[in-house]
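The structure appears below as structure tokens.
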Amino acid sequence: MITGRLETRTSEDLNVKALSGCEWRVTDRRIARDNALSLVGFISKAEGSYEVMEFVDPVEHFVFPNWDDAVAHFVTAVLDDHNSELS
């Protein structure tokens, strides 16, 4: 893990912003936008699949067949019905 980055992330913690018609930036909305640690990774669409670059140590690359799986990759914790985190 990169020092200073939050280890658990729910879908509500993510902010996915389109950079173009086929590229998106993924940030953690709990970390100030001017802090480089808020940048979690990128998603790009290529030839019918979604490529994910995740900023961990070292940087990792993944390929997913659909958008939902690509975004879900960045989620490390889920919320239960009472909005409390489960690991």
Side-chain angles (χ1 to χ4, degrees):
M1 181 174 125
I2 298 173
T3 304
R5 180 154 291 153
L6 300 171
E7 289 186 34
T8 59
R9 227 177 358 261
T10 67
S11 59
E12 293 179 356
D13 297 328
L14 294 177
N15 181 34
V16 181
K17 179 173 171 94
L19 301 175
S20 71
C22 61
E23 297 173 309
W24 298 265
R25 177 178 51 226
V26 182
T27 57
D28 188 324
R29 66 178 77 235
R30 298 170 298 167
I31 302 173
R33 288 184 355 196
D34 63 351
N35 184 333
L37 293 174
S38 69
L39 183 59
V40 178
F42 290 98
I43 300 172
S44 61
K45 185 175 182 180
E47 300 179 17
S49 63
Y50 292 85
E51 298 177 8
V52 166
M53 178 173 33
E54 182 179 17
F55 295 129
V56 292
D57 190 16
V59 172
E60 295 182 342
H61 297 267
F62 303 90
V63 177
F64 295 94
N66 59 62
W67 170 257
D68 290 338
D69 289 347
V71 174
H73 173 78
F74 293 103
V75 175
T76 61
V78 295
L79 294 175
D80 68 12
D81 292 336
H82 305 290
N83 290 331
S84 61
E85 290 186 13
L86 299 174
S87 296

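Nothing here was measured: the structure is a model prediction, and the numbers come from that model. Position 1 is the first residue of the sequence, and the numbers go up from there.
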Applying side chain to side chain contact (heavy atoms under 4.5 Å, CB included) to Phe74 and Val52, what does each step give before you reach the verdict? CA-CA 9 Å; Phe74 293 103; Val52 166; 3.3 Å; yes
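Between Val71 and Leu14, the closest heavy-atom pair is O-CD1, 3.9 Å. Contact record, Leu39 with Val26: CD1-O, 3.7 Å, taken as the closest heavy-atom pair.
The ring pair (Phe, Tyr, Trp, His ring centres under 6.0 Å) analysis of residues 9-31, with sequence neighbours excluded, yields the pairs Trp24-Trp67.
Separation of atoms NE2 (His73) and CG (Asp68) is listed at 15.0 Å; rounding is to 0.5 Å. Between the CG atom of Asn66 and the NZ atom of Lys45 there is a distance of 10.5 Å, given to the nearest 0.5 Å. Remark: Asn35 CG to Arg30 CZ distance equals 12.5 Å, nearest 0.5 Å. Considering OG1 of Thr27 and CG of Asp13, their distance stands at 10.5 Å, rounded to 0.5 Å. Here the CD atom belonging to Glu51 is positioned 11.5 Å from the CD1 atom belonging to Ile43, to the nearest 0.5 angstrom.
In this structure, Arg33 contributes its side chain and Ser38 its backbone to no donor-acceptor pair below 3.5 Å. The main-chain N or O of Arg9 is found under 3.5 Å from a side-chain atom of Thr76 such that the two form a donor-acceptor pair.
For Phe42 and Phe55, the gap between ring centers is short of 6.0 Å.
Partners of Asn15 under the side chain to side chain donor-acceptor pair (under 3.5 Å) rule, at least two apart in sequence or in another chain, do not exist in this structure. In this structure Ser49 satisfies the side-chain contact (heavy atoms from CB on, under 4.5 Å) test together with Val63, sequence neighbours excluded.
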